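Contents: one structure, followed by commentary.
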Amino acid sequence: MTVPLAAAALLAGSLLGVPASASASGPTIAKEAFGALPDGTKIERYTLGSGHGMKARILTYGGTVQSLDVPDRRGRSGNIALGFGTLDGYLSDAFTTENPYFGALIGRYGNRIGGARFALDGKTYKLPANDGDNSLHGGAKGFDKRVWKAHPVKDKDGVSLSLTYVSPDGEEGYPGTLRTTVTYTVTRGNDLRIRYQATTDKPTVVNLTNHTYFNLAGEGSGDTYDHKIQINASRYTPVDSTLIPTGELASVHGTPLDFTRPHTIGERIRDGHQQMVYGRGYDHNFVLDGTGMKLAARVTAPATGRVMEVRTDQPGLQFYSGNFLTGRLVGTGGTMYRQGDGFCLETQHFPDSPNKPQFPSTTLRPGQTYDSTSVYSFSTS
Ligand code: BGC
């Protein structure tokens with residue numbers, strides 16, 4: 001059964017303690033049904049509105065950003081996130097085979113762990129290999145395929161949706177019960193803020209991120225190669241042919257990975273540099289300059305004037321130019337997604353950190369709280 005949006009808004013408004021009339025002009029949050037899993041589990045979709053032309057639609061399935069409407073330079077809002085209009089799209093064989101993780105929360109470990117194993121405190125943990133011999137994005141059934149419990153939260157800057165998931169000890173090979181909360185906030189200023197928090201009852205490793213594919217010209221409008229991107233990183237982590245870091249931190253200088261000044265995504269995407277060949281384009285972790293909360297990247301789309309800035313407290317940013325999209329998937333607007341039709345900027349710790357003692361640590365111990373925030377800010381130029 002679909003809950004009518006207006007009624008859902010009223011319900012959510014009352015949950016938030018906000019009178020329904022106030023939510024019409026300011027930030028809004030509404031809930032509706034979004035189908036059910038084969039076992040009958042109901043999935044919901046929450047729509048968080050900024051009151052200034054931005055709307056994020058988030059599913060309890062995978063904590064997925066299903067769509068993201070932001071205004072263009074003429075003030076017209078349009079969807080800039082790749083995804084599907086129905087739950088079936090996310091459950092289809094085509095999607096789970098191609099596994100692009102559209103919009104999903106990624107855990108317990110974003111990106112790859114080499115050889116699908118790691119050692120912690122002298123004990124070796126084996127993970128299911130789901131990317132050649134490696135483990136990718138948390139394994140066969142990662143956080144992207146879990147159902148999250150949702151709570152709308154009143155927030156002074158906007159509206160938030162707090163999602164929780166308790167990952168049992170040993171799930172997908174990882175030690176410790178991991179209690180995870182991810183809070184999406186849409187602010188009045190058109191920011192999408194994502195706060196990741198987790199605790200464990202045994203030593204473990206954690207690296208959480210979000211896998212939204214952006215196309216600032218509009219979802220389904222073709223490739224993103226004319227977008228200009230600047231990344232605040234003078235180094236990156238080179239990879240081997242299976243996309244596992246070699247352990248080195250290399251300078252971007254003189255390579256197609258130098259985005260310290262803006263370049264279009266397409267300008268050097270066919271460069272024969274070995275790293276580009278390994279990634280089939282950009283699929284690299286950039287070592288962000290600076291510490292604490294900092295500007296990681298800025299992207300502009302000439303056709304629409306949309307600008308996205310990414311800020312994070314994480315040390316790394318995976319810039320993935322959608323190289324493995326094959327044209328098999330048909331998205332929300334009814335067009336198929338081909339290579340390059342969206343790009344990801346995944347804030348993270350470096351891939352394979354559990355096997356690279358020289359990288360910043362991803363170990364989480366009982367008594368500690370994993371707490372990290374990334375912000376995607378939208379404006380126009
Ligand atoms: C990885 C890619 C992978 C993609 C979709 C990205 O985060 O870096 O190698 O193909 O996710 O799974």
Side-chain angles (χ1 to χ4, degrees), residues 62-65 81-84 89-90 92-114 116 127-145 172 194 196 207-215 224 229 231 233 236-246 257 265 269 274-287 296-297 310 312 314-329 331 337-353 356 359 362 374 376:
T64 302
V65 176
L82 274 53
F84 303 107
Y90 295 93
S92 75
D93 286 347
F95 183 65
T96 50
T97 309
E98 187 157 312
N99 242 345
Y101 299 86
F102 290 155
L105 291 178
I106 304 293
R108 295 186 185 193
Y109 199 95
N111 213 283
R112 293 173 176 78
I113 297 186
L127 311 169
N130 61 339
D131 187 67
D133 294 336
N134 304 320
S135 170
L136 175 66
H137 294 332
K141 192 167 177 187
F143 286 6
D144 58 296
K145 296 181 184 70
E172 293 294 322
I194 313 179
Y196 306 86
N207 188 25
L208 305 177
T209 192
N210 173 277
H211 213 296
T212 297
Y213 288 64
F214 301 97
N215 184 331
T224 54
I229 175 163
I231 303 178
Y236 73 108
T237 51
V239 287
D240 67 16
S241 62
T242 70
L243 301 181
I244 297 296
T246 60
L257 291 106
I265 293 179
I269 201 153
Q274 185 68 75
Q275 287 295 311
M276 298 296 287
V277 175
Y278 285 160
R280 291 208 214 168
Y282 297 104
D283 193 357
H284 295 87
N285 171 65
F286 288 75
V287 178
V310 184
T312 186
Q314 288 287 289
L317 182 76
Q318 186 82 12
F319 171 36
Y320 170 56
S321 52
N323 316 322
F324 300 108
L325 296 175
T326 61
R328 254 180 305 182
L329 302 171
Y337 295 140
R338 302 181 69 206
Q339 194 175 49
D341 285 0
F343 65 91
C344 302
L345 291 175
E346 301 155 70
T347 56
Q348 61 182 15
H349 268 63
F350 307 166
D352 202 30
S353 295
K356 299 282 184 315
F359 287 175
T362 50
S374 296
Y376 296 80

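As the structure is a prediction and not an experimental result, all values here were calculated from the model. Counting convention: from 1, in listed order, for ligands and their atoms alike.
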List for me each residue that meets salt bridge (Lys or Arg N to Asp or Glu O under 4.0 Å) alongside D352, sequence neighbours excluded, and say none if there are none.
-> K356
Does one side chain, of T347 or S374, offer a donor that lies under 3.5 Å from an acceptor on the other?
-> yes
Side-chain touch Y213/H211, heavy atoms, less than 4.5 angstrom = yes
Could you tell me how the ring of F84 sits relative to the ring of F102: parallel (under 30°), tilted (30 to 60°) or perpendicular (over 60°)?
-> tilted
Can you sort out the partners of D283 under salt bridge (Lys or Arg N to Asp or Glu O under 4.0 Å), two or more places apart, ordered by chain and number?
-> none
Proximal protein residues to ligand 1, non-hydrogen atoms under 4.0 angstrom | N99, Y101, N111, R112, L136, H137, H211, Y213, L243, D283, Q318, Y320, F324, E346
With E98, which residues qualify under salt bridge (Lys or Arg N to Asp or Glu O under 4.0 Å), at least two apart?
-> R328
